[in-house]
Amino acid sequence: MKPEMIVFMGGQGSGKGTFANLLLQKHDFNYVEAGAILRAMPSDSEIKQKISRGELVGDNDLFPIIAPHITSDHNIIMDGFPRTIGQAKWLIENYADKFNIHVVFLNISEATMLAHIQNRIKEGGNRADDTDENAVRKRIESFKTTTMPAIEWLSKNKDIEFLDIKLPGDDIDINFALIYNKLYK
Ligand code: ADP
């Protein structure tokens, strides 16, 4: 039997990391958090400079960094990857035969994204790319122009399950219950 791959997709502040961690408390998964893997790169690297400017790391730089984290002997949660059509195609081409892939699109408005990032700052998150207003704006813009087309492409792919989950409000437990029930129906 193929292992499961749960792919959380959504804009900034949509709760990918929060819901991934809640799911990890319930079931045994490997956890691949693209942003954290990239932030751990050397601080003088070009990748770190891109992150601080709020720009996406290029697909061809990213694939060799992400691939070793995707081991196909275990269930896995992907958080923050894929974010481009190129990444989405790469994932399907290389892994749809190895995993049952479920994409969970956390569908929230741009206003909610901004509000959630403001909260993250107030709660003392120490991410430099969150406090730089220009970087935040750029990340939301690249979500709309680059990641939304990848989400739309995946929504039409017949080899995977695609769940479009409109989060009804800000209650984390209610939102998680909704996600969980759709995944484990
Ligand atoms: P957020 O979802 O709030 O943008 P992340 O921690 O997921 O935060 O990502 C931080 C930064 O890491 C992104 O702004 C981008 O520069 C880089 N990054 C993360 N995932 C990817 C990806 N799949 N492709 C390209 N760049 C990425």
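Heavy atoms only: backbone and side chains are in, while hydrogens, waters and symmetry mates are out. As the structure lists them, so they are numbered: ligands from 1, and atoms in each ligand from 1.
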Residue N60 excluded, over 12 heavy atoms near CG under 6.0 Å: no
Just checking I172: does its CD1 atom have more than 12 heavy atoms from other residues, nucleotides or ligands closer to it than 6.0 angstrom? no
Side-chain atoms of residues 135-144: list all donor-acceptor pairs with protein atoms under 3.5 Å, sequence neighbours left out, distances to 0.1 Å.
residue : atom : partner : partner atom : Å
R137    : NH1  : N134    : OD1          : 3.4
R137    : NH2  : E133    : OE2          : 3.4
K138    : NZ   : R53     : O            : 3.1
R139    : NH1  : D129    : O            : 2.6
R139    : NH1  : D130    : OD1          : 3.2
R139    : NH2  : D130    : OD1          : 3.1
S142    : OG   : R139    : O            : 3.3
K144    : NZ   : E110    : OE1          : 2.8

My understanding is that only residues two or more places apart in sequence, or in another chain, count here; which of them pass side chain to side chain donor-acceptor pair (under 3.5 Å) with D164? N107
The side-chain contact (heavy atoms from CB on, under 4.5 Å) partners of N94 (sequence neighbours excluded) come to W90
Taking only heavy atoms of the protein into account, state which residues are under 4.0 angstrom from an atom of ligand 1, in chain and number order. Q12, K16, A34, G35, L38, R39, I51, E55, L56, V57, L62, G80, F81, R83, Q87, R120, R127, D129, R139
Checking the side chain of K166 only, and the main-chain atoms of I108 only, is there a donor and an acceptor separated by less than 3.5 Å? no
